[in-house]
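Right, one structure below, let's go through it.
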Amino acid sequence: MKKVYVLLEELVTIPSPTGYTNKIMGWVTTYLKELDYEIEHTNKGSLLIKLPGENTTQARLLTAHVDTLGAMVKEVKSDGRLKLTKVGGFIWNSVENETCTIHTRDGKEYSGTILMHQSSVHVYTKSGQTERSDDTIEVRLDEVVTSRQDTENLGIAVGDFVSFAPRFTKTASGFIKSRHLDDKVSVALLLTLAETLQGKKLPVDTYFYISTNEEIGYGGNSSIPAKVQEYLAVDMGALGDGQSSDEYTVSICAKDGSGPYHYEFTSHLINLAKENDIPYKVDIYPYYASDASAAVSAGVDVKHALCGAGIESSHAYERTHEKSITATYQLLEKYCLSPLV
């Protein structure tokens, strides 16, 4: 499993907010080409990887998304600082005081910090009471700028993407802390699994789909081969009060905000976990949707299910444990070697 963590650290350090994923998809493509699989690029920028099976008339598909949360420049302010608009669903408090990178359309990169405008308590006595919002959060550039013109002279403009520093850490106790574990843990797992399954007899043709628009709701709902009967989204398990998932097991979702997942397919995952002594939890995510639910909503005729590692503080500075990653990997491997439901 050491390979997973090497891949994960590499993946989280490549900026990939939704809409700005060419660089990371180039990296993933290069990695997969070394494994000599058949690869298809979709017009949306996603990747479809085919792992051949004994039965070529039926197929299953597993997906993970490489796009992350981020932002875009909404306005260059008169003092040279930047106002932002969110890409994906998060709260400003979760990225306040985080280092960021501005990516210009001519290929330049500039560092900055995401701050409240009224950040200094020595000047703004009520800064702690001020709502964090699009109007009060800004980027302080690490450049000598004091005016809009100064910033624009750097090549920074409205519509430029902004990525957040991941701050990847793996502790001696087995915890992994980083931004963008959603869903780069799953991407690292699928890449590792693709290598493991080379030369193994899979029961049916199996596709791995690396999508690029999940955080805005439509990452994996097209370009799905017609023979695919089962669609498994590999994404995070959301943790918090009232949830059964944790950081030490694989989370199997029975229902999310889109509705229940396919009963027999979900039961198949649960039974595989039971039969192989894989630690798991069944859970319901009330404010959540996946690429699998997006595909079903779009009218794709598949059985759909969802599982993944348990991620603490989702869409903030996230954390999981190697036990959860291992359990998720074990379930995915057993699933790929099992018959269709």
Side-chain angles (χ1 to χ4, degrees), residues 17-18 62-65 67-70 86-95 131-133 176-187 189 211 213-221 230-271 273 278-300 302-321 323-325 327-328 331-332 335:
T18 306
L62 295 79
T63 188
H65 67 91
D67 61 307
T68 69
L69 305 172
K86 298 176 187 175
V87 175
F90 61 94
I91 56 175
W92 284 122
N93 305 62
S94 69
V95 295
E131 180 184 2
R132 274 61 178 163
S133 70
I176 297 92
K177 301 188 294 184
S178 179
R179 294 193 184 277
H180 316 317
L181 297 182
D182 170 23
D183 187 33
K184 291 184 176 180
V185 167
S186 301
V187 176
L189 286 170
S211 73
N213 291 281
E214 194 275 347
E215 293 294 357
I216 57 173
Y218 61 88
N221 58 5
E230 296 177 4
Y231 186 126
L232 177 62
V234 188
D235 211 327
M236 65 167 190
L239 313 187
D241 294 342
Q243 302 301 116
S244 65
S245 299
D246 57 36
E247 296 172 86
Y248 316 109
T249 60
V250 56
S251 179
I252 300 172
C253 181
K255 175 183 179 293
D256 67 11
S258 69
Y261 282 79
H262 190 273
Y263 184 82
E264 286 78 15
F265 191 177
T266 302
S267 297
H268 180 55
L269 296 177
I270 294 170
N271 290 334
I278 299 170
Y280 75 96
K281 295 288 178 63
V282 178
D283 213 345
I284 290 173
Y285 315 147
Y287 311 110
Y288 190 113
S290 72
D291 274 341
S293 56
V296 172
S297 297
V300 181
V302 289
K303 302 170 184 176
H304 70 315
L306 167 63
C307 71
I311 304 293
E312 166 65 24
S313 301
S314 60
H315 284 199
Y317 186 52
E318 298 166 339
R319 191 183 78 166
T320 190
H321 194 275
K323 289 183 177 180
S324 184
I325 293 175
T328 303
L331 181 58
L332 295 177
Y335 168 65

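The number of heavy-atom neighbours closer than 6.0 Å to NZ of K255, taken from other residues, nucleotides and ligands shown, is above 12. Heavy-atom contacts from other residues, nucleotides or ligands closer than 6.0 Å to CD of E264 number more than 12. Heavy atoms of other residues, nucleotides or ligands lying less than 6.0 angstrom from NZ of K86 number more than 12.
No side-chain heavy atom of S251 sits less than 4.5 Å from a side-chain heavy atom of I311. The shortest distance between side-chain heavy atoms of R132 and I91 does not fall below 4.5 Å. You'll find the side chain of E131 stays beyond 4.5 Å of the side chain of W92, heavy atoms only. Annotation: side chain of V250 is not in contact with side chain of L269 (no heavy-atom distance under 4.5 Å). When side chains are defined from C-beta on, E247 counts as touching L239, because their heavy atoms get closer than 4.5 Å. At a threshold of 4.5 Å between non-hydrogen side-chain atoms, the residues V185 and I325 count as touching. For the pair R179/T68, no side-chain contact is recorded, criterion being any heavy-atom separation below 4.5 Å from C-beta on. A 4.5 Å side-chain heavy-atom check between E215 and H315 finds at least one atom pair inside the cut-off.
Side chain of S314 to main chain of A238: no donor-acceptor pair is present (N/O by atom type, distance under 3.5 Å, no hydrogens or angles). Using modelled atom types, one side-chain atom of S324 and one backbone atom of G310 make a donor-acceptor pair closer than 3.5 Å. A donor-acceptor pair under 3.5 Å is formed between the side chain of S244 and the backbone N or O of V282. Without hydrogens or angle criteria, N213 side chain to Y218 main chain gives no donor-acceptor distance under 3.5 Å.
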Hey, mind stepping through F265 and H304 against side-chain contact (heavy atoms from CB on, under 4.5 Å) and telling me if it holds? CA-CA 7 Å; F265 191 177; H304 70 315; 5.5 Å; no
For a side-chain contact (heavy atoms from CB on, under 4.5 Å) check, start with the C-alpha distance between L332 and L232, then their side-chain angles and the critical distance, and finish with the verdict. CA-CA 9 Å; L332 295 177; L232 177 62; 3.9 Å; yes
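Taking CG of L306 as the start and OH of Y261 as the end, the distance is 4.5 Å to the nearest 0.5 Å. With rounding to the nearest 0.5 Å, the separation of CG in D256 from CD1 in I284 is 9.5 Å. Atoms CD and CD, from E312 and E318 in turn, are 9.5 Å apart once rounded to the nearest 0.5 Å. Between atom CG of residue D235 and atom OG1 of residue T328 there is a gap of 11.0 Å, rounded to the nearest 0.5 Å. Here the straight-line distance linking atom NE2 of H262 with atom CD of E230 works out to 8.5 Å at 0.5 Å rounding.
Closest non-hydrogen pair, T249 versus A327, comes out as C-CB, 4.2 Å. Here the closest non-hydrogen pair linking S293 and S258 is CB-OG, 3.1 Å. Smallest separation of non-hydrogen atoms from T63 and Y231: CG2-CE2, 3.4 Å. Between H180 and L69, the shortest heavy-atom distance links the atoms CE1-O, 3.8 Å. Looking at every heavy atom in both residues, L331 comes nearest to C307 through CD2-SG, 4.3 Å. Closest heavy-atom contact between A294 and G217: CB-O, 3.5 Å.
Residues Y248 and H321 place their aromatic rings such that the two centres sit under 6.0 Å apart.
With hydrogens and angles left out, the side-chain atoms of H65 and D182 include a donor and acceptor closer than 3.5 Å. No side-chain donor-acceptor contact under 3.5 Å links S290 and Y285.
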